[in-house]
Asker: 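Got a structure for you, written out below as structure tokens; questions coming shortly.
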There are 2 protein chains.
Amino acid sequence: MAHISTDHEVLAAVFQVRRADLPSTDRKAALHVLLWQRALSPERGKWSLPGGRLGVDEDMTTSVRRQLAEKVDLRELAHLEQLAVFSDPDRVPRRRTIASTFLGLVPSPATPELPSDTRWHPVSDLPPMAFDHGPMVEHAHNRLVAKLSYTNIGFALAPGEFALSTLRDIYSAALGHPVDATNLQRVLERRQVITRTGTTARSGRSGGRPAALYRFTESRYRVTDEFAALRPPG
Amino acid sequence: MAHISTDHEVLAAVFQVRRADLPSTDRKAALHVLLWQRALSPERGKWSLPGGRLGVDEDMTTSVRRQLAEKVDLRELAHLEQLAVFSDPDRVPRRRTIASTFLGLVPSPATPELPSDTRWHPVSDLPPMAFDHGPMVEHAHNRLVAKLSYTNIGFALAPGEFALSTLRDIYSAALGHPVDATNLQRVLERRQVITRTGTTARSGRSGGRPAALYRFTESRYRVTDEFAALRPPG
DNA sequence: ACAAAAGTGTTAAGGGTACACCCATGT
DNA sequence: ACATGGGTGTACCCTTAACACTTTTGT
């Protein structure tokens with residue numbers, strides 16, 4: 001059996017909960033993923049995950065961060081974790097390339113400037129994707145959904161301070177189904193994932209009781225409960 | 001930033017629940033991992049996970065299976081799944097090598113013949129390990145423990161038919177803490193993970209009621225419950 | 001009869017969900 | 001006063017864990 005050196009690339013599915021970019025349409029918050037459009041063949045015009053080849057003496061995590069820095073402000077990347085490896089010999093043409101995929105998360109209000117070929121796309125409505133990047137996004141999304149239920153990973157999607165209804169919208173967008181703010185509060189408070197700041201927000205124009213503000217207790221990833229929660233209603 | 005082609009290896013932590021090999025000692029079943037002893041430098045004499053370099057036109061899964069075939073009878077490998085990638089540039093000397101790790105499971109009664117340099121070692125008492133293979137075993141074990149609680153992965157550790165007390169011993173060895181056979185039965189039956197065969201085992205020499213035999217309903221990996229169970233007592 | 005092993009029944013505790021109801025603010 | 005959004009209380013269900021008790025076998 002012959003052995004060869006193969007290329008190795010890292011690719012990141014970076015998510016953020018955003019209101020739709022389109023001006024007039026439905027302004028509900030939705031989960032978006034960061035993609036760039038290929039200018040060159042192969043797969044010209046299709047959309048790719050950010051990333052690229054692993055450099056010499058580079059750890060994979062270091063490599064992802066370096067390559068993401070070309071697309072987003074790294075200070076806004078609140079979470080980064082390894083996902084699966086895609087190793088099909090024919091997954092891309094020409095040189096054989098193994099891809100290690102990552103999950104990245106950017107908190108909600110931040111809106112970094114993007115290069116002109118780069119854009120946020122709603123996960124529920126992806127453009128034509130290059131190579132095997134479509135399944136990679138799906139895989140990353142599944143992982144995010146799972147971890148929202150038993151870890152404090154939400155800190156990486158939420159602003160520093162937030163009202164519970166805001167947090168509900170974020171969880172709801174990321175999970176893809178409605179979330180009850182009441183129960184979200186209790187689950188996260190019992191697990192001591194969120195803490196009251198003591199301050200309150202001002203009411204909106206249309207009135208309503210002012211919301212208490214919360215923050216995530218820790219900004220470091222932590223498994224909080226082996227029990228899964230936040231599953232779809234029904 | 002320069003780019004290079006790096007070597008890529010696959011390594012598998014293959015587990016089996018076995019009684020201790022030692023003749024006279026404590027014959028309780030314990031979780032073991034398959035290791036081989038390095039005959040050559042570097043790290044000569046230390047113990048390694050089976051695996052090796054990825055071949056041309058080889059999928060990683062294909063590669064692991066090929067390389068494991070040199071150590072165990074592949075027909076006995078009931079489960080194989082990808083774990084993490086280890087990419088520290090200095091994780092092994094000489095050529096830079098990225099390692100993709102796998103979790104493999106072999107059912108309990110099977111005792112394949114092994115090459116002379118290869119042996120089952122209790123996970124709780126590992127020999128001096130080569131390179132970063134120690135943490136790899138630990139990582140694989142953690143994954144196994146987690147998945148025992150919310151998937152049917154036990155099928156890959158258990159014999160085709162078994163008494164519940166046997167299954168309890170297997171789960172107990174793999175989890176590293178005592179398991180109540182009563183509750184194990186109810187949890188796995190409710191989830192329809194195990195099914196009664198209708199037959200019963202004969203009693204042992206010392207008497208006792210004959211045990212009903214069970215089998216796993218499916219022999220394919222499946223997530224059975226988002227809820228974690230089988231956590232340590234207390 | 002007795003010991004040993006297996007299986008059943010019962011209870012308690014914890015977590016999650018659903019939903020009715022009360023509270024505070026703006027118009 | 002009323003609408004609007006926020007927050008609390010409560011009741012229910014499901015799952016698991018713990019353990020006492022019964023059943024079936026061998027000696």
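By convention in this document, chain letters (A, B, ...) are assigned in the order of the sequence lines, proteins followed by strands, and residues within each chain are numbered from 1.
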Asker: Look at the aromatic rings of Phe216(B) and Phe162(B) and report parallel, tilted or perpendicular, splitting at 30° and 60°.
Answerer: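 Tilted.
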Asker: Which residue is it: Arg220(A), Arg222(A), Arg215(A)? I am looking for the one with a side chain to side chain donor-acceptor pair (under 3.5 Å) to Glu218(A).
Answerer: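 The passing option is Arg222(A).
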Asker: Can you tell me if Arg190(A) touches the phosphate of dG16(C), counting only side-chain N or O atoms and a distance under 4.0 Å to OP1 or OP2?
Answerer: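 True: Arg190(A) side-chain N/O within range (under 4.0 Å) of dG16(C) OP1/OP2.
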Asker: Looking only at side-chain N and O atoms, does Ser165(B) come under 4.0 Å of OP1 or OP2 in dA6(C)?
Answerer: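 It does, given that an N or O in the side chain of Ser165(B) lies less than 4.0 Å from OP1 or OP2 of dA6(C).
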Asker: Using a 4.5 Å cut-off on heavy atoms from C-beta on, say whether the side chain of Glu138(A) contacts that of Met136(A).
Answerer: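 A side-chain contact is absent here, since even the closest heavy-atom pair is not under 4.5 Å.
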Asker: Under 4.0 Å, heavy atoms only, any strand: does Ala212(A) hit a base, just the sugar-phosphate, or nothing?
Answerer: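 Sugar-phosphate, no base atom in range.
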Asker: Using OP1 and OP2 only, check whether a side-chain N or O of Arg191(A) sits under 4.0 Å from dG16(C).
Answerer: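 So the side chain of Arg191(A) is within the cut-off, an N or O lying under 4.0 Å from OP1 or OP2 of dG16(C).
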Asker: If you take atom types as modelled and just measure distance, does the side chain of Arg186(B) reach the base of dT10(C) with a donor-acceptor pair under 3.5 Å?
Answerer: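 Indeed there is one.
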Asker: Please state whether the rings of Phe155(B) and His79(B) are parallel, tilted or perpendicular, taking 30° and 60° as the class boundaries.
Answerer: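 Correct class here is perpendicular.
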Asker: Should Gln185(B) be listed as having a side-chain N or O under 4.0 Å from OP1 or OP2 of dA6(C)?
Answerer: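 Result: no.
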Asker: Nearest-nucleotide wise, let me know which of Asp180(B) and Tyr214(A) is further upstream toward the 5' end of DNA chain D.
Answerer: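 This one resolves to Tyr214(A).
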Asker: Of all the nucleotides listed (dA6(C), dG6(D), dA18(D)), which has the minimum atom distance to the side chain of Asn183(B)?
Answerer: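 It is dA18(D).
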Asker: Starting the side chain at C-beta, find the nucleotide from dC19(D), dG7(D), dT25(D) nearest to Thr182(B).
Answerer: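 So the side chain of Thr182(B) is nearest to dC19(D).
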